[in-house]
Amino acid sequence: MIINLMPEKLQPDFFTRDVLDVAPDILGCYLVRNFGKETRPYQISEVEIYRGEEDSGCHVSRGKTKRTEVMYRDGGLVYVYLIYGMHWMLNIVTGMKDQPQALLIRGVQGFNGPGKLTKEMQIDSSFYGENLCGSNRIWIEKNPQRKGTIEKLPRIGIDYARKEDRERLWRLKWVDRG
DNA sequence: AGCAAGATCGGT
DNA sequence: CCGATCTTGCTG
């Protein structure tokens, strides 16, 4: 019996699916960051879905701009932007080309809050467009032991969005069970 | 060219 | 509740 103990790095076909399908699957997986000196895994515990130009809470709701351009590409890339002049937000682009959508990483084990985890992981503008399937500084690994339940909640901080979009249960929290 | 607002956070 | 702090996108 051969047991595969090698960590399984997520490939493009994982990310090019619709964000609604990727979101529940990515919870519990490891976001791995190689700092050069050492490599550290961060288990993903909370994500938020941003889906298409029709989603008034999503940055692409006003079309393609220089900032949002990466969301229009094939899934598997990183979308980062600075908010309030001080916090970097880390997003994972999903879906196929011209299907603009992304997952905001809102929490990893030990660090809750999108601004806090990017500070910990040292994520900045240099990660814009980084390919998670080809980068040597950041990637995502499957968690074979992954067992848990998913809590669905409204998104945070999008008061400007339409009521219908504000109320979508597009914030997913991972409740570990093993 | 100028301006208002922002997918946040930490301190009162 | 408020300020920090600066990029972005919109307006003119």
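Convention: sequence-line order gives letters A, B, ...; per-chain numbering from 1.
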Report task. May I ask you to verify if any side-chain N or O of A:Arg106 is less than 4.0 angstrom from the OP1 or OP2 atom of B:dT8? Result -> yes
Query raised in the report: Would you call A:Arg51 and A:Asp18 a salt bridge, taking side-chain N to carboxylate O under 4.0 Å as the test?
Result: yes
**Report entry** Whole-Å distance separating the OH atom of A:Tyr160 from the P atom of C:dT8
**Finding:** 16 Å
Query raised in the report: If pairing requires Watson-Crick or G-U wobble contacts with both distances under 3.5 Å, which nucleotide is the partner of B:dA7?
Result: none
Query - Separation of the P atoms in C:dT5 and B:dG2, to the nearest angstrom - result: 22 Å
Report task. Please report, rounded to the nearest Å, how far the P atom of B:dG6 is from the OH atom of A:Tyr50. Result -> 13 Å
Report task. Using the six-membered ring of A:Phe14, assess whether NZ or CZ of A:Arg17 lies under 6.0 Å from its centre and within 45 degrees of the ring axis. Result -> yes
Requested in this report: For residues A:Glu54 and A:Asp165, determine if any side-chain heavy atom of one lies less than 4.5 Å from a side-chain heavy atom of the other.
Outcome: no
Report summary line: Between CG of A:Asp159 and P of B:dT8 the distance, given in whole Å, is 10 Å
Report task. Scan A:Gly113 against the nucleic acid and name what it touches under 4.0 Å (heavy atoms): base, sugar-phosphate only, or nothing. Result -> sugar-phosphate
Report task. Would you indicate what A:Arg155 reaches in the nucleic acid, counting non-hydrogen atoms under 4.0 angstrom: base, sugar-phosphate, or nothing? Result -> nothing
Report summary line: Separation of B:dC9 atom P from A:Lys116 atom NZ, nearest Å, is 6 Å
**Report entry** Row check, A:Tyr42 ring normal vs A:Arg40 NZ/CZ: under 6.0 Å, within 45°
**Finding:** no
Query raised in the report: Are any of A:Lys66's side-chain N or O atoms less than 4.0 Å away from OP1 or OP2 of C:dT7?
Result: no
Report summary line: note: A:Arg62, atom CZ; B:dA7, atom P; distance rounded to Å ~ 10 Å
Requested in this report: Tell me what A:Met89 touches on the nucleic acid: a base, only sugar-phosphate, or nothing, going by heavy atoms under 4.0 Å.
Outcome: sugar-phosphate
Query raised in the report: Rounding to a whole Å, what distance do you find between A:Asn112:CG and B:dC9:C1'?
Result: 13 Å
Report summary line: In whole angstroms, the gap separating C1' of B:dA7 from CG of A:Leu117 amounts to 13 Å
Query raised in the report: Separation of A:Asp124 atom CG from B:dT8 atom C1', in whole Å?
Result: 17 Å
Query raised in the report: Considering heavy-atom distances to DNA chain B, does A:Ile83 or A:Pro114 have its closest nucleotide positioned more toward the 5' end?
Result: A:Ile83
Query raised in the report: With distance as the sole criterion, is a donor-acceptor pair present between the side chains of A:Gln109 and A:Ser45 under 3.5 Å?
Result: no
Query raised in the report: Of the candidate nucleotides C:dG9, B:dG6, B:dA7, which contains the atom at the shortest distance from the side chain of A:Thr65?
Result: C:dG9
Query raised in the report: Contact class for A:Leu104 (heavy atom, under 4.0 Å): base, sugar-phosphate, or nothing?
Result: base
Query raised in the report: Out of B:dC9, B:dA7, C:dC6, which nucleotide sits closest to the side chain of A:Tyr81?
Result: B:dA7
